[in-house]
Structure formats: structure tokens, C-alpha cells
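Both counts, for ligands and for their atoms, begin at 1 and track the order of listing. In this chain, numbering begins with 1 at the start of the sequence shown.
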Amino acid sequence: MKEKDMLMWDETLFKESDIFELDYLPDYFPHRDAQLNTIRFALKPALRGGRPLNCLLFGPPGTGKTSASLKIFDELKEYTDKVLTVKVNCQIDSTRFAVISRIYKSVMGVAPPASGVSFNRIFDKLAKKLIDLDKVLVVVLDDINYLFYEGHADEVMYSLLRAHEQYPGSKISVIAIVNDPEVIYGFDQRVSSVFLPEEIEFPRYEFSEIDDILADRIRRGFFPNVVTAGAQKMMAEFVSESGDLRVGVDLLKRSGLNAEKRASKKVDEEDVKKAYTASRSLYISKTLSNLTDHEKLIIRLVAESKEITAGDLYEKFNAQTNLGYTRFYEIMNKMISANVVTADFSGKGSKGRTRIIRSVFKKEEVDALLK
Ligand SMILES: Nc1ncnc2c1ncn2[C@@H]1O[C@H](COP(=O)(O)OP(=O)(O)OP(=O)(O)O)[C@@H](O)[C@H]1O
């Protein structure tokens, strides 16, 4: 490298490094207009002090579900002071007590006592406060599937969505966020009869959309002409494999840091390649953490062999679980559509219709993350 291409020790390639933080809410949020409009429509009653419709935002990791709801919250706050909004990350707050404490803290400004008070007492104070303030509460339950693992989903949803029956005048609605929309079939009847959400799909981003979003982040976050065209294209290609923009944002940051590490004034393809494994593991760990135990077993069995026929896979699966072919078939379809495994026809078998199953992730990646 020529000396003029080298970064001085006090120089940086990053014009604004916040732009590459995963919780950064970008001004430019394209390719999600239809989804944003549906959420706006659902929350509109709140502008007149009414209870909004509930929403279910679903789609693969990193497709903008959380960001979309936070963008709408920001908009709401500009129009009205009648609405209070809270986002709960259910992966962190995964019990009904933790969820309600998070909401309580946001509404009351102080945390409830950590012990010695029941859920009902806290909920009672919260609901009465909302009525006193005459405010509508919209709660985002992000990654709501985590509430199912310890059996807290029904109680949380029941308390929030039927609050008005016990506390007339209270107005609470829920935006549930999840990768797999089937989650709503897991609610019991008392909840599903009142949840009835607007279902809003967030599909995987396509190459051109990813390229557009990354180009905007590059313009805002790096000094001009730092990221080479080749590096940008490679990032967009890598991100297209999963459609997860979280990988893209992380890749930008890591590639920039790699370039700085070698004191280069340019981020090039080598920097991107080096960053890719770590960035991709964000996507893999998020995807795997959302699988059920049976799905995890399948992914292990598939990753163990380079490829396996659907018939052989079923036999192994059945030997360990005793589950029948119908359930196996349902799980496989779900995993194929979630882009966790692929299934191609082999041209072999009696009618050339044997399906060959392959894992999208490498065995080491699965082993490391499913330990
Ligand atoms: N349309 C978009 N424009 C700009 N940035 C986006 C867009 N969609 C997603 N992002 C960025 O991608 C990252 C992931 O987005 P977000 O967390 O909203 O996805 P998600 O669908 O909620 O993911 P998960 O299901 O894994 O929680 C964020 O850093 C966000 O800023």
C-alpha cells in the first residue's frame, strides 16, 4: 500500500458510527410502505382516544419488523400525546412478571418493587394509572414466541387485551412480533377470541432493496468514496443469501473496522470477506434460537450428513421422536420456507422424485450455536 493510501493513527473512515449500531433507527426506511401504512391504519383510533386494533408483524429475521413499529411510535408521538408506547423484548423479559414490570416502569417512570408484590397488584396500579391519565397504551411484544416457552404468553396477552373488562375505560392494544406466524395458533381460546390481529407480513428483502438500503447507510456513515463499488456489491450479495439486514448493518461496521485495522483508506472486498463469518452468525443464531426442539433435531440430522434423502431423514427423526410422517412433513415444509434447509428433487427414485435435503448452515455453525 502506498503511503498516501494509509490511514493516520488519528484518522477514521467512519463519519458517523452510530449509523452502524443495530438499535439505530434510520430516517430512510424504504421498501416497507405497505406495512407501515397498515400499522398506521391499525393505530389510527388512538388519535381520537380509542383503542387501536392489534397487529401481528411476522417475517424472517432482519426484515424491519421492530424498526417499523418504532418508526410508527415516533410518528404517533408527533401527532398526539394521548398515546403511551412501550416496547418489550420478550427474549429478555420472558415471564409475565418481567413483561408487566417493563410496562409499569415505562408508564409510571419507576420500576415496581422487585419482590413481595404480585402480578395482579402491579397490573391493578398500571391499569388505574392509564385510566387516570386518560391515555391509550400500545405495547410491542417483540419476539413474543419467548413467552410461550415457559407458558407465560396467554396470561400476558389475556391481562393486556381483556383489561377493559376489569378496568372499564382502560385502552390497551398489542403489536406482537414474531418470525413464524403460526405462533397465534398457540394461544388459548380466551386470548385468540380477543387478539384478532391485523396480520402484516414482512417478506425477505431482495437484492436491489438490500443494495439500496446499504448504499444509504454507506453515504451517511462513511466518509465519501471509502467503500469500493466491489465491496458494496459483495455485501449486498452476502446479505441476499439470508435477506437479513441485520447482517448488512453489522457487515458494514466490521468491514470498516477491518479496513481501519490495516490502516487502509478504502473498505474493499477482502475486508468484507473477513467480516462475513462473524456477521452471518448473527443471522444463524437468531434463526436457530427461534426453532422448536423438533425443528432443531431435524437441522442437526441434516447438518450431520452433507445431504440426506427425505425418506432417510424421516426414519432417523421417527426413531428419536416417534412422530409420524404428517408431522414430519409439516415441519419440513416450514423449514424449507424459513430457508433453513433446501429440498431438491434428485432425479433418482422410482419416479425421479426423491427429495434431497441439505442444510443451509454448515455443521460447525449448527454445532456451535445449538450447543
Ligand atoms: N427498510 C429498511 N430500511 C433501512 N434499514 C432497515 C430496513 N429494514 C431493516 N433495517 C435495518 O435492519 C436491522 C434489523 O431490522 P429489525 O430489527 O427492525 O428487523 P426485525 O424484522 O425486527 O428482526 P428480528 O425478527 O430478527 O427481530 C436494523 O438495524 C434496521 O435498522
Side-chain angles (χ1 to χ4, degrees), residues 16-40 55-75 85 87-94 139-148 174-183 199-222 232 235-236 238-256 275 279-291 337-340 369:
E16 190 151 357
S17 50
D18 280 358
I19 297 228
F20 303 113
E21 294 308 320
L22 290 173
D23 56 1
Y24 171 80
L25 199 56
D27 291 335
Y28 182 63
F29 193 72
H31 313 298
R32 287 299 181 232
D33 288 348
Q35 289 81 353
L36 290 171
N37 280 334
T38 314
I39 307 174
R40 274 185 202 111
C55 297
L56 176 75
L57 315 191
F58 67 94
T63 48
K65 301 178 293 297
T66 310
S67 309
S69 39
L70 295 179
K71 296 241 29 127
I72 296 293
F73 279 1
D74 282 355
E75 271 182 39
T85 57
K87 188 195 90 158
V88 181
N89 180 343
C90 303
Q91 191 168 3
I92 296 171
D93 295 319
S94 62
V139 180
V140 164
L141 295 176
D142 202 353
D143 286 328
I144 192 175
N145 46 304
Y146 284 92
L147 293 185
F148 282 88
V174 168
I175 299 179
I177 300 185
V178 78
N179 290 142
D180 177 2
E182 277 185 24
V183 77
E199 294 184 19
I200 309 172
E201 182 174 6
F202 284 67
R204 281 163 58 117
Y205 289 112
E206 291 170 11
F207 179 86
S208 59
E209 296 171 333
I210 292 166
D211 195 44
D212 175 42
I213 294 167
L214 293 185
D216 177 70
R217 292 277 171 120
I218 289 171
R219 261 193 309 277
R220 286 164 202 259
F222 285 107
Q232 184 182 329
M235 285 191 241
F238 278 155
V239 178
S240 303
E241 285 175 10
S242 62
D244 180 346
L245 261 173
R246 190 178 290 107
V247 174
V249 174
D250 193 65
L251 206 47
L252 284 167
K253 177 176 172 177
R254 285 180 199 272
S255 306
S279 298
R280 177 177 149 86
S281 74
L282 278 176
Y283 166 67
I284 305 176
S285 65
K286 174 84 198 189
T287 306
L288 296 184
S289 72
N290 278 318
L291 300 181
S337 62
N339 199 31
V340 179
L369 293 162

Backbone of [Y] reached by a side-chain donor or acceptor of [X] within 3.5 Å:
X: S67; Y: G64; value: no
X: R204; Y: S240; value: yes
X: E201; Y: G59; value: no
X: S289; Y: K286; value: yes
X: D142; Y: V88; value: no
X: R40; Y: I72; value: no
X: R32; Y: K65; value: no

[atom]: nearest protein contact (heavy atom, Å):
atom: atom 29 (O) of ligand 1; value: L22 O, 3.3 Å
atom: atom 10 (N) of ligand 1; value: L245 CD1, 3.7 Å
atom: atom 22 (O) of ligand 1; value: T66 OG1, 2.6 Å
atom: atom 19 (O) of ligand 1; value: G64 N, 3.1 Å
atom: atom 17 (O) of ligand 1; value: R246 NH2, 3.4 Å
atom: atom 21 (O) of ligand 1; value: K65 NZ, 2.7 Å
atom: atom 8 (N) of ligand 1; value: Y205 OH, 2.7 Å

task: Apply the side-chain contact (heavy atoms from CB on, under 4.5 Å) test between F73 and each candidate in L25, I39, T85; give the one that qualifies.
output: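 When side-chain contact (heavy atoms from CB on, under 4.5 Å) is applied between F73 and each of L25, I39, T85, only T85 qualifies.
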Using a 3.5 Å cut-off on N or O atoms only, is [X] in polar contact with ligand 1?
X: E21; result: no
X: G62; result: yes
X: P61; result: no

message: Considering S289, P26, P30 one by one, which has a heavy atom nearer to atom 1 (N) of ligand 1 than any of the others?
response: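 Checking each option, the heavy atom nearest atom 1 (N) of ligand 1 is found in P30.
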Among Y24, F29, Y283, closest by any non-hydrogen atom to atom 2 (C) of ligand 1: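 The option holding the nearest heavy atom is F29.
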Any side-chain heavy-atom pair of Y28 and D212 under 4.5 Å: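 Y28 vs D212: side chains touch.
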query: Is it true that the side chains of N290 and D180 contain a donor and an acceptor less than 3.5 Å apart?
result: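 No, because no side-chain N or O of N290 sits under 3.5 Å from a partner of the opposite role on D180.
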query: With atoms numbered from 1 as shown, which atoms in ligand 1 lie under 4.0 angstrom from a non-hydrogen atom of T63?
result: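 This gives 19 (O), 20 (P), 21 (O) as the contact atoms.
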field: Atoms of ligand 1, numbered as shown, that sit under 4.0 Å from any heavy atom of S67
entry: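 Counting from 1, the qualifying ligand atoms are 15 (O), 16 (P), 18 (O), 30 (C), 31 (O).
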How does [X] reach ligand 1, by side chain, by backbone, by both or by neither, if only non-hydrogen atoms under 4.0 Å count?
X: N179; result: side chain
X: Y28; result: backbone
X: I213; result: side chain

- prompt: For ligand 1, is there an atom lying under 4.0 Å from some heavy atom of K286?
  reply: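 Yes, K286 has a heavy atom closer than 4.0 Å to ligand 1.
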message: Just to check, does R217 reach to within less than 4.0 Å of ligand 1 when the distance is taken from its heavy atoms?
response: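 Heavy atoms of R217 do come under 4.0 Å of ligand 1.
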- prompt: Is it true that R246 and D250 have a side-chain N and a carboxylate O under 4.0 angstrom from each other?
  reply: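 Looking at R246 and D250, the cut-off is not met.
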message: Parallel, tilted or perpendicular, judged at 30° and 60°: which one describes the rings of H31 and Y205?
response: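 Perpendicular, since the angle between the ring planes exceeds 60°.
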